[in-house]
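Below: one structure, written as structure tokens.
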2 protein chains.
Amino acid sequence: MVSVVAVATHAGVSPATVSRVLSGRIVVAPETRARVLEAVKELGYRPNEMARSLRAGRGRGVALVTGDVEQGIYAALAKHVQAELEALGLDLLLFNLGHREDRLRHFLERAPSLGLRGVLLSSPHIMDMAELMPLILTATASGIDVISVSQDLSAYGIASIIHDDVGGARAAAEHLIAQGRTPIAFLGRIATSAIGRARFEGYRDALLAHEQAIDPDLVWDISEGYRADAGYQATSNALAKGLHFRAVLTASDELALGSMAAATDRGHSVPGSVAFVGFGGLGWGVFSRPSITTVSLDVGAVARAVRDRFKGEDEVPSTPERIVVPARLVLRQSA
Amino acid sequence: MVSVVAVATHAGVSPATVSRVLSGRIVVAPETRARVLEAVKELGYRPNEMARSLRAGRGRGVALVTGDVEQGIYAALAKHVQAELEALGLDLLLFNLGHREDRLRHFLERAPSLGLRGVLLSSPHIMDMAELMPLILTATASGIDVISVSQDLSAYGIASIIHDDVGGARAAAEHLIAQGRTPIAFLGRIATSAIGRARFEGYRDALLAHEQAIDPDLVWDISEGYRADAGYQATSNALAKGLHFRAVLTASDELALGSMAAATDRGHSVPGSVAFVGFGGLGWGVFSRPSITTVSLDVGAVARAVRDRFKGEDEVPSTPERIVVPARLVLRQSA
DNA sequence: ATTGTAAATGACAACGATTTCATAGCGGCC
DNA sequence: GGCCGCTATGAAATCGTTGTCATTTACAAT
């Protein structure tokens, strides 16, 4: 491994000078500078990131903690965030909880010793943040910038970048109501997910605003992840019970796909007999048939907000603590 | 930050002893040991990972280099690999190339200085590995275990964990032929992707084995990523040209979905008029309507192979250099 | 001519953990 | 009783980088 010392020797200067040249922040005689750069190139020197991190007290890693990257929206988030971080010379560490809270606890315990620059918490289906707060505070105290993505934790003093889930769901419900597609069912996690609850609130708001009663039988509060099979299951059950509904507002595109399949399998036409709205705006939603009308979440905007948060060199950014990214209803075939 | 020195002082021993107790590999008097553990617990000490890495010469990170995590198969890979690595106390760094080769180069240049334990190259749509070999060799020389995932680079002496793409595609084509669904079109990257080419070979093998001619018009060699829109586009073009085919063997589930949509939109029934086979076996493929018959790739098996590779403490594992994970044809509605 | 000042650079310490080397203490054996 | 050897532990060096402090040299000002 070629180190500063090697470069310094080669260039006939001290290691300190090499460091100065490379940092660029300190004046070095042009001739010396040239000689050092020459040596650097000749030896193919690259500063050791581990030594740098130790010296600086923190590294260049930012962790993304997700519930399940296999879910399209998280994969998209990982992709966009990674791209933004890479542009800042930061690395993305991925921690996938699989919706198991103990792993989040374990990660948070480890976080301070890893020298992370930041932690993006994007595991929205975990409710008792209160219990985890001590760990989070320990992390922030150790210089880690903890940001909640998707879930609003600004009440706890944690910077939050969130989608307008309430507004998005409301817009979707309004659209369905305007088309006369009532009654509308809601499918998602409510009791066990802050995000799911926000979407449910949007649904409820719209219904109440139009003096529609909320039928508990049409509120399908699932407890598993937002995968297609959960949607299929819940919808099949509802149909088996003979419940009547003309539309389903779901909390993810995957749920919508599964839900739609359940209806289709029982001979209901989509959107003629039942309409479906998803959440996320994933790429493949355009190509299912019928394609999925969805509340599109601008993942790129979230990633840019993350970038803004990390672009400075200062320890604790002073940007606003709560950023809301708008959600947009994208009309396609299913509703 | 509480360090070994703090713990040592607290326990009335030297830092060396603390280290010995925690490593567990060296005998320490039971009474001393107890005192150290007590101090560790009392102070909430956690070894600084950056210092450890510097001292050890390498850290605990493993990088996963993907083409596009937003594609289901890579997201699934990331998820499973992360889970396996976490069990080994290793962290996953995610680098998403977005199919841009310069970023791979850039990453490989940086890799040795990051102290990575390993690099999982899973960006199969890059062909001229020969050009990148010097960088890869530099990485391996610096102690990084470079493993090619999906793409067979064992000819270059790089450990490779691959799917049986040829066999999987052949099985799919055989299935279509057995059902009399000919002529069969192939949709995927051939010229610009090692994996795509392998899948094409399986297709070709099956056709030739059954004395079917390969119609160049039915070989749709796309150049973009394996996203649904590319599949839609290619298939629409083919249909617009009035080409006749009874089945499409595609190189990903996303392509299959897009391709299927194109056919559906032009009034063809699936699978009655045209059949479709995808590649990957993603969760949502079960719930599209029609659901997608697919060559399922066992991502979990790949992740386990990765785990086996990293579970030892030794620098260069001596496990076989080429592991082939079987691919399985999963019959669903589309074919 | 002498002193003051700024620029350029080198020596050295420090980040925190681990490992090697050295040593104190103790028990056993002849 | 003296010596050998083993066990348990401490002191110190090391990983590679960077920041602080000190030193040198040159030049300007009086």
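Note on naming: letters A, B, ... go to the chains in the order of the sequence lines (proteins, then strands), and numbering restarts at 1 for each one.
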Can you list, pair by pair, the side-chain donor-acceptor contacts under 3.5 Å of residues 28-44 of chain B, counting residues two or more places apart and other chains?
| residue | atom | partner | partner atom | Å |
| --- | --- | --- | --- | --- |
| B:Arg35 | NH1 | B:Ala11 | O | 2.6 |
| B:Glu42 | OE2 | B:His10 | NE2 | 3.3 |

Under 3.5 Å, sequence neighbours excluded: what are the donor-acceptor pairs made by side chains of residues 45-54 of chain B?
| residue | atom | partner | partner atom | Å |
| --- | --- | --- | --- | --- |
| B:Asn48 | OD1 | B:Met50 | N | 2.7 |
| B:Asn48 | OD1 | B:Ala51 | N | 3.1 |
| B:Ser53 | OG | B:Glu49 | O | 2.7 |

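Checking A:Lys311, A:Arg309, A:Arg58, A:Arg117 one by one against A:Asp145, the salt bridge (charged side-chain N to carboxylate O under 4.0 Å, His left out) holds for a single residue, A:Arg309.
In this entry the distance linking CG of A:Leu114 with P of C:dA17 reads 13 Å, nearest Å. Distance CG (B:Asn48) to C1' (C:dA14): 13 Å, rounded to an integer number of Å. The CZ-P distance, from B:Arg60 to C:dA17, rounds to 15 Å in whole Å. Between B:Arg46 atom CZ and C:dT18 atom P there is a gap of 14 Å when expressed in whole angstrom units. Computed from coordinates, the A:Met50 CE to C:dG16 C1' distance equals 14 Å when rounded to whole Å. In this structure, CZ of B:Arg52 is placed 19 Å from P of C:dC15, rounded to the nearest angstrom. When rounded to the nearest whole Å, the span between CZ of A:Arg25 and C1' of D:dT17 equals 12 Å. Put simply, CG on A:Leu22 is 9 Å from P on D:dT17, counting in whole angstrom units.
Phosphate contact (OP1/OP2 of C:dG16, side-chain N/O of B:Ser3, threshold under 4.0 Å): absent. Residue B:Tyr45 places at least one side-chain N or O under 4.0 Å from the OP1 or OP2 atom of C:dA17.
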request  = Determine, step by step, whether A:Glu131 and A:Arg105 satisfy the salt bridge (Lys or Arg N to Asp or Glu O under 4.0 Å) criterion, reporting the C-alpha distance in whole Å, the side-chain angles of both residues, the deciding distance to 0.1 Å, and the verdict.
outcome  = CA-CA 10 Å; A:Glu131 195 219 338; A:Arg105 165 172 294 279; 2.7 Å; yes
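Between A:Ser23 and A:Arg20, the side chains place no donor N or O within less than 3.5 Å of an acceptor N or O (distance only, hydrogens not considered).
Salt-bridge formation is detected for the pair B:Arg103/A:Glu86: a Lys NZ or Arg NE/NH1/NH2 atom is positioned less than 4.0 Å from an Asp or Glu carboxylate oxygen.
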request  = Starting at the 5' end of nucleotides 5-14 of chain D, put B wherever the base has a protein heavy atom under 4.0 Å, S where only the sugar-phosphate does, and a dash everywhere else.
outcome  = ---SBBB--B
